Every structure is written in structure tokens, then in C-alpha cells.
Amino acid sequence: MAGSERTCSVSAGREWESVDYEPWLPVSEKSNPLTRDIDRAPANQIVRMLQACDAQIFQEGADSGYQRLLSDEVVQTMVDVAQRVELILKDPQDSAVVLSGCGTSGRVAFLVASAFNRALRQEKKTSVYSYVIAGGDRALLSSQEAPEDDPTLGKLSLEKLCEGKRRVLFIGISCGLSAPFVAGQLDFCLQNPEVYTPVLIGFNPVHQARDDPMPGCTFTFRSVVQKMQELASRSLAFLINPAVGPEAISGSSRMKGGSATKIVLEVILSAAHAAFYKHTPITNEGIVQHIRQHQEAVDLTYTHTDSISALVEAAGQSLQRGGRVCYLGWGSLAVLGLIDASECNPTFGADYEDVRGFISGGYRELNNTEGPLTSLGPEFWVAHEDFVRVVLPSLCDHDTVLLFYTQAASLREVAKLARLVREKTSNIHAVCHRVEGDASAVQDEISEMCSSTLRITWSSPVSTMWELSTKLVLNAVSTGAHILKGKIYQNHMIDVQVTNSKLYRRATRLLQRLSARPEAQCEEALLKAVYRADQLTADMMTSDLNAHTRTATSRSKAVPLALICLLTGRSLLEAESHLEQQPIVRDAVEACLP
């Protein structure tokens with residue numbers, strides 16, 4: 001990229017920092033100026049837009065008043081939290097570090113807790129990390145958004161997990177400072193300071209925390225955060241809330257929010273482990289250096305833009321043709337594939353078969369608390385054996401298969417599965433992480449079977465960096481493929497499922513933004529689409545929000561239908577007919593306009 005182009009891009013990327021830019025929205029919900037027309041972009045431009053958005057995580061020197069990831073106050077708080085983790089590592093008896101969140105945040109909590117417990121076990125030390133995810137382990141693999149709205153459930157799940165503990169460092173994650181499930185847990189910690197020290201990770205300033213009432217509660221998320229702010233000066237609570245900029249797809253915190261969460265958690269826990277094992281002091285300079293290493297990993301990943309674009313194009317063509325995208329992974333990279341696939345349903349209104357992840361070793365490798373979930377149905381069949389048994393027989397060239405592995409994996413096992421896939425389709429691709437100097441005849445054999453191979457070469461084997469890199473590639477593939485399929489309107493998740501209060505409010509705001517109609521009219525249009533009724537009954541109008549979101553769980557395309565009705569005055573039946581004829585939402589809307 002030329003110097004003038006880079007300057008222009010950075011300048012455009014900072015528009016969101018102005019107090020006048022979409023002032024009614026919190027940072028995590030704003031639309032990103034860099035991606036205004038991402039729904040019209042080809043694959044290579046989509047990837048470059050994602051690259052520019054991810055670079056915002058590490059931006060410095062803003063005059064807007066927002067804290068950033070590398071701000072002194074944020075770095076110092078990370079130092080303080082890392083020191084608390086170190087204390088528990090030194091004296092783990094009846095102590096725990098609990099990572100908790102909803103959706104992507106809970107999945108990242110699981111991934112990070114699992115990785116650092118594994119590191120402790122390798123050193124024959126006591127495991128101290130636990131995870132909580134709203135909806136339980138099924139939420140690791142499938143959207144379970146209703147529990148996110150239940151603060152009491154959050155409190156009870158934490159209380160049960162920590163029964164008998166004398167000291168708990170609780171790290172709650174809510175990218176938008178909005179999840180009632182996490183708010184209930186934080187409030188419980190504040191009510192029991194003799195045991196719990198609460199930490200909150202999110203990416204909005206405090207004044208943008210959700211202030212809506214929650215069922216059965218006298219507090220709001222904002223009031224909880226404000227109380228934590230007051231206690232922070234005495235190190236009785238900790239708040240890590242740098243602004244990392246709006247998401248590439250508005251509100252899709254599975255992307256930048258998930259990456260920033262992973263970075264923050266890994267930097268804190270790695271610093272604590274280095275202090276415990278190597279007696280390396282936890283310092284501001286060390287924290288900054290580790291953040292910079294993650295930035296270098298992001299930069300290295302995007303040096304392969306052309307190769308990533310080819311994967312996006314292949315996956316997009318598969319979805320456009322009614323085919324599937326399958327991730328076949330090994331180790332923690334496979335877990336990231338499972339996570340990415342699970343997020344396509346709520347984000348894009350996709351069917352679970354559209355994008356699926358599979359892991360070598362199945363639930364034995366996943367090692368989740370509740371064990372195998374296969375009895376819950378095909379959506380929870382995640383082993384490579386399940387892929388071979390259920391998916392492979394019907395695989396064809398309309399489908400795309402992506403292999404994700406490192407050279408630490410059993411390459412012969414990778415090659416064996418690649419041969420089975422190659423017999424069914426030529427549309428097979430590989431993403432391999434390796435260390436400089438690694439060479440393998442088996443790797444060459446795998447590459448010969450694949451239409452493309454993305455080799456990312458590192459100076460040293462650091463699994464956390466490989467994971468972050470893989471997450472970026474997976475996010476690009478699934479997001480880009482759904483953009484090419486037409487699931488995004490401008491840079492908004494127009495086909496999002498309205499299955500909890502956060503998404504209900506997001507959908508209403510989106511309809512306001514795109515239609516320029518009053519809030520009440522937009523909410524009415526949304527409810528008509530949810531209940532599939534051109535005239536709402538009294539019962540529908542007076543039902544509470546939980547009833548609306550329960551009904552919406554079994555509805556598809558509620559937001560696109562509402563938008564078409566708002567913009568064109570068409571009936572729901574007419575709007576549905578247009579969407580059947582033209583599933584690309586922007587084209588369907590334009591076809592309805594005079």
C-alpha cells in the first residue's frame with residue numbers, strides 16, 4: 001500500500017473517535033467507516049478491509065478521550081491483575097481464577113482457561129483456571145443466547161462453581177459492557193468481597209455501559225461498572241476497557257472483540273506464569289512488549305492477504321451454490337474452527353450445516369467440563385470420525401474443505417484425511433503453521449492434494465500466536481463467504497437472529513438507521529416480522545421482551561423482512577416473496593423500490 005493510501009486509510013479509520021460520529025451508539029455497536037461498502041467488495045478487498053479494522057486494536061495517540069489497549073492506565077491495570085493471578089499460582093489451595101462470558105466471550109474464556117491449565121499440568125502444577133459460559137457447554141458449539149439475559153443464572157452458576165473456595169479472581173468478559181449474565185456475576189462478587197475480586201474486560205467506556213433494567217434486579221450493568229470504578233482506586237476491583245474501534249461488521253464482537261479479549265487474557269496470564277516459573281518481574285514494559293508480539297502476529301498473518309482471499313472466494317462460491325464449508329483441525333486450532341463455525345448461525349442466520357468445524361480426537365481433545373454432547377444431535381457431532389461418517393459420503397465440488405494444523409500435528413494423519421477428501425472434491429485447502437527451517441516430505445504430499453496451501457512461517461513455536469493467526473483467517477473466511485452470499489447490508493448483520501435482548505435492541509436500532517423511521521415504527525415492523533403478522537394482536541403488543549425473543553428463535557429473516565416492509569410499504573407476504581426470489585438482501589430491497 002502506498003504511503004498516501006495508508007494515511008488516508010488510517011484517517012478514515014479514526015472517524016469513529018469523533019464525539020459526533022453516531023453519538024447514540026456505544027463504540028462496540030458503531031459502524032466502521034472502513035467497511036461502509038464491504039457488502040459490494042470482492043474477496044481481496046474484503047480481506048484488506050478486515051486487515052485495516054484489526055489494525056485498530058493497536059492504534060495509539062487518539063485525542064478523543066478513549067482509552068486504548070496500549071494506554072498507560074490500561075497497561076497498569078493489566079499488570080495489577082497479572083500480579084493477582086501470580087498470587088493464586090503461588091498458593092492455589094482453595095483458590096481459583098474464573099473466566100466467564102456469553103457467546104464468543106465465553107468461548108474465548110474456555111479456550112484460554114484450557115490452554116493455561118494444560119500448561120500447569122505439563123509442569124505438574126495444580127490447575128487453577130475455570131470457565132463459565134452462558135448456556136453451559138452446549139454454548140461452546142451452538143448459539144444459546146437466551147441465558148445471556150439472565151443475571152440470576154449468571155450468579156448461581158458462579159456460586160456453584162466456586163463453592164468452598166476461599167479466594168477467587170473472577171474475570172467477567174462483556175465486549176459491549178452489556179450482558180446481564182455477566183452483570184449478575186459481577187454484582188455477586190461485589191456483594192462477597194471477602195472471597196471474590198472482580199475484573200471486567202470490555203471495549204466500551206463506562207458511560208456507554210448498558211443502563212437498561214434487568215429482570216429481578218435493582219442494578220444495571222452501568223451501575224455495577226460504576227461501583228467497580230469506585231473500588232478500583234483501592235484495588236478491590238479492576239476494569240480493563242480499552243476502545244478497540246467498531247467491528248468490521250457492525251456489532252459482530254466475535255471478530256475484533258474476540259481477538260482483543262484473547263490478547264488481553266493471554267498477556268495477563270502469560271505475565272503471571274513467567275513471574276511464577278521464571279521469576280520474571282511483571283512490569284509495564286513487559287506487558288507492552290507482549291502486546292506488541294500479538295500485533296506482529298496480526299501483521300504477519302495479513303502478509304498472506306492473497307492466499308486468505310483465495311480461501312474467502314472458494315468458501316463464498318460454495319455458500320452461493322448451496323454447498324458447505326468444513327473446517328478440519330488439529331489441537332487448539334481445531335477448537336477455533338469449532339468456535340468460528342458455531343458463530344455463523346446467530347451472526348448470519350446460517351444453518352448449522354453451512355459452516356461446520358471438526359476436531360481430531362473429538363470431545364476427548366476438546367476436554368470440556370460436561371464431556372461429550374453427541375446425544376444432543378448432529379450439530380454436536382464434532383470429531384473427524386463424525387465428518388468421515390456423516391459428511392464425507394455426500395461431499396462434492398460445491399463444498400469447500402479447509403485443513404488447519406501445525407507441523408507439531410501428526411502430518412501422516414493430516415495426509416490420510418486429505419486423501420479421503422480429495423477423492424470426493426478438488427476444493428480442498430490447507431492452512432499450516434510452521435517454524436523457520438521446518439521441512440517435511442509429508443507436508444509436500446499434503447500440498448500436492450490441495451488446491452491451495454497457506455503456509456505461515458514463524459521464528460519460534462508460540463501456540464498462542466498460531467491461535468490468534470488462525471482466528472483471523474477463520475473469521476475472514478466465514479465472514480467473507482457470507483458477505484459474498486449477500487448476508488450483509490452495507491456493513492450490518494441484516495440477517496441476525498433476534499434471540500435475546502441485546503440482539504432485539506440492536507435490530508431495532510439497525511432498522512432505524514437504515515430506514516430513517518421512528519423507533520416505535522421500527523419496533524412495530526420488527527414485531528410483525530417476528531410474529532409473521534401484518535396486524536399485531538393485543539397479546540403480541542403487550543408481551544414482554546422475553547416472549548418476543550422466544551418467538552424469534554424459530555423465525556428466520558425477521559430483520560430483512562422488517563426492513564423491506566419499512567422501506568417499501570409492502571406486506572410481509574410480498575416481502576417474503578421478494579426475498580425468496582432474491583436472497584441477497586440489498587438486491588431484494590432495491591428490487592422492491594420504485
Side-chain angles (χ1 to χ4, degrees), residues 26 28 74 77-78 80-82 84-85 88 96-113 116 128-136 139 145 147-162 165 167-193 195-206 208-211 214 217 219-232 235-242 253 257-258 260-269 500 502:
S28 62
V74 173
T77 305
M78 293 171 73
D80 295 339
V81 175
R84 292 300 184 99
V85 176
I88 291 178
V97 179
V98 178
L99 313 180
S100 177
C102 306
T104 296
S105 298
R107 296 174 191 122
V108 173
F110 163 74
L111 178 73
V112 173
F116 282 86
V128 301
Y129 302 103
S130 298
Y131 69 92
V132 179
I133 182 169
E145 289 170 324
E148 296 180 17
D149 284 342
D150 194 335
T152 302
L153 180 61
K155 173 208 164 203
L156 292 175
S157 62
L158 179 61
E159 190 175 18
K160 180 179 178 181
L161 177 68
C162 298
K165 300 293 184 184
R167 180 175 51 173
V168 175
L169 183 69
F170 173 75
I171 303 178
I173 310 156
S174 178
C175 292
L177 306 187
S178 60
F181 183 88
V182 174
Q185 295 173 321
L186 292 169
D187 180 72
F188 175 71
C189 292
L190 294 172
Q191 302 304 320
N192 297 275
V195 174
Y196 295 88
T197 301
V199 181
L200 172 61
I201 296 175
F203 305 107
N204 283 328
V206 169
Q208 292 180 357
R210 185 185 291 181
D211 204 28
M214 295 181 286
C217 296
F219 57 86
T220 67
F221 205 115
R222 187 181 300 175
S223 69
V224 170
V225 180
Q226 288 170 337
K227 186 172 181 181
M228 289 182 65
Q229 231 182 356
E230 294 169 6
L231 296 172
S235 297
L236 299 176
F238 300 94
L239 180 59
I240 302 173
N241 64 318
S253 57
T261 297
K262 188 174 189 297
I263 291 167
V264 169
L265 289 173
E266 287 173 352
V267 168
I268 290 171
L269 302 188
N500 67 7
K502 177 184 73 175

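Predicted model only: the values in this text are computed from it and were never measured.
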Legend entry - Sub-4.5 Å side-chain heavy-atom contact between Ser28 and Gln208: no
Inset, instruction - Flag the pair Ile240 / Val81 as yes when at least one side-chain heavy-atom distance between them is below 4.5 Å, and no otherwise. - result: yes
Inset, instruction - Mind running side chain to side chain contact (heavy atoms under 4.5 Å, CB included) on Leu231 and Leu190 for me, showing each step along the way? - result: CA-CA 9 Å; Leu231 296 172; Leu190 294 172; 3.5 Å; yes
Inset, instruction - Give a yes or no answer on whether the side chain of Arg107 reaches the backbone of Ala139 with a donor-acceptor pair at less than 3.5 Å. - result: yes
Legend entry - Gap separating the OG1 atom of Thr104 from the CD1 atom of Ile133, nearest 0.5 angstrom: 8.5 Å
Legend entry - Rounded distance [0.5 Å steps], CG in Asp150 versus CZ in Phe181: 8.0 Å
Legend entry - pair Ile173-Leu265: side-chain heavy atoms closer than 4.5 Å: yes
Legend entry - 4.5 Å side-chain heavy-atom contact, Arg84 and Ser235: yes
Inset, instruction - Quick one: closest heavy-atom pair of Gly184 and Lys155, and the distance? - result: O-CB, 3.9 Å
Inset, instruction - Calculate, to the nearest 0.5 Å, the distance between atoms CE and OG1 belonging to Met214 and Thr220 respectively. - result: 6.0 Å
Inset, instruction - Supply the atom-to-atom distance Cys175 SG to Ile201 CD1, rounded to the nearest 0.5 angstrom. - result: 9.5 Å
Inset, instruction - Locate the shortest heavy-atom distance separating Phe188 from Leu158; write the atom from each residue and the value. - result: CD2-CD2, 4.0 Å
Inset, instruction - Evaluate the side-chain proximity of Pro242 to Phe203: yes if any heavy-atom separation is below 4.5 Å, no if none is. - result: yes
Legend entry - Shortest non-hydrogen contact between Thr197 and Leu236, atoms and distance: CG2-O, 4.0 Å
Inset, instruction - Identify the two heavy atoms, one from Gln185 and one from Gly154, that lie closest to each other, and give their separation to 0.1 Å. - result: CG-O, 3.1 Å
Inset, instruction - Compare all side-chain heavy atoms of Tyr129 with those of Ile171 and state whether any distance is below 4.5 angstrom. - result: no
Legend entry - Atom pair OG (Ser105) and CG (Leu99), whose distance is rounded to the nearest 0.5 Å: 11.0 Å
Legend entry - Heavy-atom pair of closest approach, residues Pro198 and Met228: O-CE, 3.8 Å
Legend entry - Test item: Asn204 side-chain N/O and Ala209 main-chain N/O as donor-acceptor pair under 3.5 Å: no
Legend entry - Lys227 side, atom NZ; Leu186 side, atom CG - distance, nearest 0.5 Å: 11.5 Å
Inset, instruction - Kindly state whether the ring of Tyr196 and the ring of Phe170 have centres lying under 6.0 angstrom apart. - result: no
Legend entry - Taking every non-hydrogen atom, the tightest pair across Pro180 and Ser178: CD-O, 3.1 Å
Legend entry - All ring pair (Phe, Tyr, Trp, His ring centres under 6.0 Å) counterparts of Phe219, not counting sequence neighbours: none
Legend entry - Partner residues of Phe221 under the ring pair (Phe, Tyr, Trp, His ring centres under 6.0 Å) criterion, sequence neighbours left out: none
Legend entry - 4.5 Å side-chain heavy-atom contact, Val98 and Cys162: yes
Inset, instruction - Side-chain contact test, heavy atoms from C-beta onward, threshold under 4.5 Å: evaluate it for Met78 versus Val74 and give yes or no. - result: yes
